[in-house]
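Reviewing the structure listed below.
Quantities reported herein were computed from a predicted structural model and do not represent experimental measurements. When reading the values below, keep in mind they use all heavy atoms of this one structure, side chains included, and skip hydrogens, waters and symmetry mates.
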2 protein chains.
Amino acid sequence: MPRRSSGRVTLQHIADSVGVTKITVSRALREPHLVSEDLRLRIEEAAAALGYIPNRQAGALASGRSQSVALLIPSLSNAVFSEIQRGIEEGLSAAGYQVLIGHTGYSLLEEERLIDTYLSYGVDAMILPGTRHTDQARRLLTRSGIPLVETLELTDTPLDINVGLDQSAAAVALTEAFLERGYRRIGFMGARLDHRAQLRLAGWKRRMKQAGLSCERCLTTPRPSSYRLGGDMLASMLERWADLDGVFCNNDDLAAGALFECQRRHLDVPGQLGLAGFNGLDITEATTPTLATVVTPRRRIGDLIARKLQARLQGAPLVPCREDVGFEVVCRGSL
Amino acid sequence: MPRRSSGRVTLQHIADSVGVTKITVSRALREPHLVSEDLRLRIEEAAAALGYIPNRQAGALASGRSQSVALLIPSLSNAVFSEIQRGIEEGLSAAGYQVLIGHTGYSLLEEERLIDTYLSYGVDAMILPGTRHTDQARRLLTRSGIPLVETLELTDTPLDINVGLDQSAAAVALTEAFLERGYRRIGFMGARLDHRAQLRLAGWKRRMKQAGLSCERCLTTPRPSSYRLGGDMLASMLERWADLDGVFCNNDDLAAGALFECQRRHLDVPGQLGLAGFNGLDITEATTPTLATVVTPRRRIGDLIARKLQARLQGAPLVPCREDVGFEVVCRGSL
DNA sequence: ATGAAAGCGCTAACAG
DNA sequence: CTGTTAGCGCTTTCAT
């Protein structure tokens, strides 16, 4: 008498109905070429008729492989990730992997919690946003032995595969673009300063100092960024630093919000105020004027991650590597 | 001799190191109050020292419960879901459930594939975007017997829990707002016509016909919506129907894009053209003029889903139910 | 080409 | 409060 019967259709049920053993059914479903044509067809028929759904947990437990990969993203509402994700998903799903998404809410502790959870689900690899992790997270990841990807930023000490771009250098390059166009009293606006935002802030500061200019016109907040926030922050900055002639916005949403605020105030962009964002989202090409930004090759990041990861999943040895995908400063109309 | 040793730390290792059996370790970790204080502490210590990570697959296999819930969303880049997701996640994670996200790309077939996958992962419940599914998906879902949520739309024949709003009625109400303000040659712009978009289109048509007005000024495309697309589509519509005096945009992104195009053309909104979007995203409050829209209570949807689902997960019987969360037409500056 | 036996790591049920 | 036993559904190994 079974201890508990889940009521679910199992390999055994199919086996009984066809008159073979369950291992043959298992083979027919996973490695059809190892089973005789006739039998295979009868098994497939029976499986369909009974509505068989394989139990992956049992399969993973028995085989030690789950055919799934965890992708951690900071925020569901951040459009930056959707293209990266598309590249990853297309590449990996073709290779038979399922991509499980988890979201960290920009918190390293939540990231740690998710790492713990997904490891306990037995994922075969993990993709992380960023190169900073809690000590405990590092320990868990290293100990797990599975392939890892750290993305968006670059680090000198990758855990495994690192695909990203130099956020700080990109910020320097964008600041350079302001300087070239004659802006001097350039401010910085940042919301929810995650590590990447901090790197950009550092880049702006470095270039400003190098040019002998003041870095005081800087406003940041831990609040999540939004269009509204961009407008509100610009208003605060204009009030506080009336001589402001340009604003480096930490991302495109803030930049668009700031632009809307300028329109409200009939402030000419770029004549009276230069504006730039970061990431190169769709909206930067849609506004009037269009928005200067740093375009990041997100689709390429996704594709590259999928490619590199597949190699590791197929047994390529762990050789920590760092792939710089670069960036492009695009000035458009607002600068 | 073990057949294969995964090298992973298991309950047995901890048990050996402490000098008890593995079931006691299991209990100490899951139901601490059932184990003596002293033993519990020693076990916890050993677990930490050895770097134990529980194997959830084994746990789920043995217990029949995975403590995880699948949340399917159409698109990662659609901000509509981030708030719904927040409500769901907060509610369910407090109850000890892990939320696994999958994205369907607006495809019912991909949804079916994900349903299959997540069922095979043994999720304890599933949350679906919409009330339309393939026949096969319906079969899988019904057969699984797990709690289900269908959201965003309303249906007369819910599979289980249905939390949403009447998309068609909302579209009628928004069209009404156009009519009240004297607009008559109102067009409709829609991208990627998923079922909700179709319901809205139907609502617009119904109200227009009822008012004896023409529904010919309608432009739709299967392409994904974006700000750029909104601008391009408005351009096409103005060219084709020069007398257009208003546009019902199927979502806020398109509406914002259309507004940007008007700014480019120095077309006065709402004077020469009335505009409205749908959803009530942040951007509708940020532009100049602000955008008319239908605000949907997304956070409430998320909270309600979490509450209803918890009841079902705790054993409340399956009584198909339908919760209408309503909507609010907000006219703002563009109408 | 098919099968038998064993076991992945864990928890349920029942005993003591 | 702790242990014994059995088994979740599948795959691996080895045999035929």
Can you tell whether the side chains of [X] and [Y] come within less than 4.0 Å, N to carboxylate O?
{"X": "B/Arg299", "Y": "B/Glu90", "value": "yes"}
{"X": "B/Arg42", "Y": "B/Glu45", "value": "no"}
{"X": "B/Asp156", "Y": "B/Arg322", "value": "yes"}
{"X": "A/Arg40", "Y": "A/Glu37", "value": "yes"}
{"X": "B/Glu110", "Y": "B/Arg113", "value": "yes"}

In whole Å, what is the span from the [atom1] atom of [X] to the [atom2] atom of [N]?
{"X": "A/Arg65", "N": "D/dG9", "atom1": "CZ", "atom2": "P", "result": "21 Å"}
{"X": "A/Leu119", "N": "C/dG9", "atom1": "CG", "atom2": "C1'", "result": "16 Å"}
{"X": "A/Glu31", "N": "C/dA1", "atom1": "CD", "atom2": "C1'", "result": "13 Å"}
{"X": "B/Gln67", "N": "C/dT11", "atom1": "CD", "atom2": "C1'", "result": "13 Å"}
{"X": "A/Leu61", "N": "D/dG7", "atom1": "CG", "atom2": "P", "result": "17 Å"}

>> Which residues in residues 12-30 of chain B have a heavy atom closer than 4.0 Å to any atom of DNA chain C?
In response: B/Lys22, B/Ile23, B/Ser26, B/Arg30

Test of understanding: with side chain to side chain donor-acceptor pair (under 3.5 Å), list the residues that count as partners of [X], not counting sequence neighbours.
{"X": "B/Ser26", "answer": "B/Arg30"}
{"X": "B/Glu89", "answer": "A/His103, B/Gln85"}
{"X": "A/Arg307", "answer": "none"}

>> Measuring only between side-chain heavy atoms, which start at C-beta, is B/Phe81 closer than 4.5 Å to B/Leu152?
In response: yes

>> Under a 3.5 Å threshold, yes or no: a donor from one side chain and an acceptor from the other, between A/Ser68 and B/Tyr121?
In response: yes

>> Quick check on contacts: within residues 46-58 of chain A, what sits under 4.0 Å from DNA chain D by heavy-atom distance?
In response: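 Only A/Tyr52, A/Pro54, A/Asn55, A/Ala58 qualify.
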
>> Give the residues of residues 35-42 of chain B touching DNA chain D, defined as any heavy atom closer than 4.0 Å, sorted by residue number.
In response: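 By residue number: B/Val35, B/Ser36, B/Leu39.
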
>> Please give me the minimum heavy-atom distance between B/Ile84 and B/Arg298, naming the atom from each residue.
In response: CG1-O, 3.5 Å

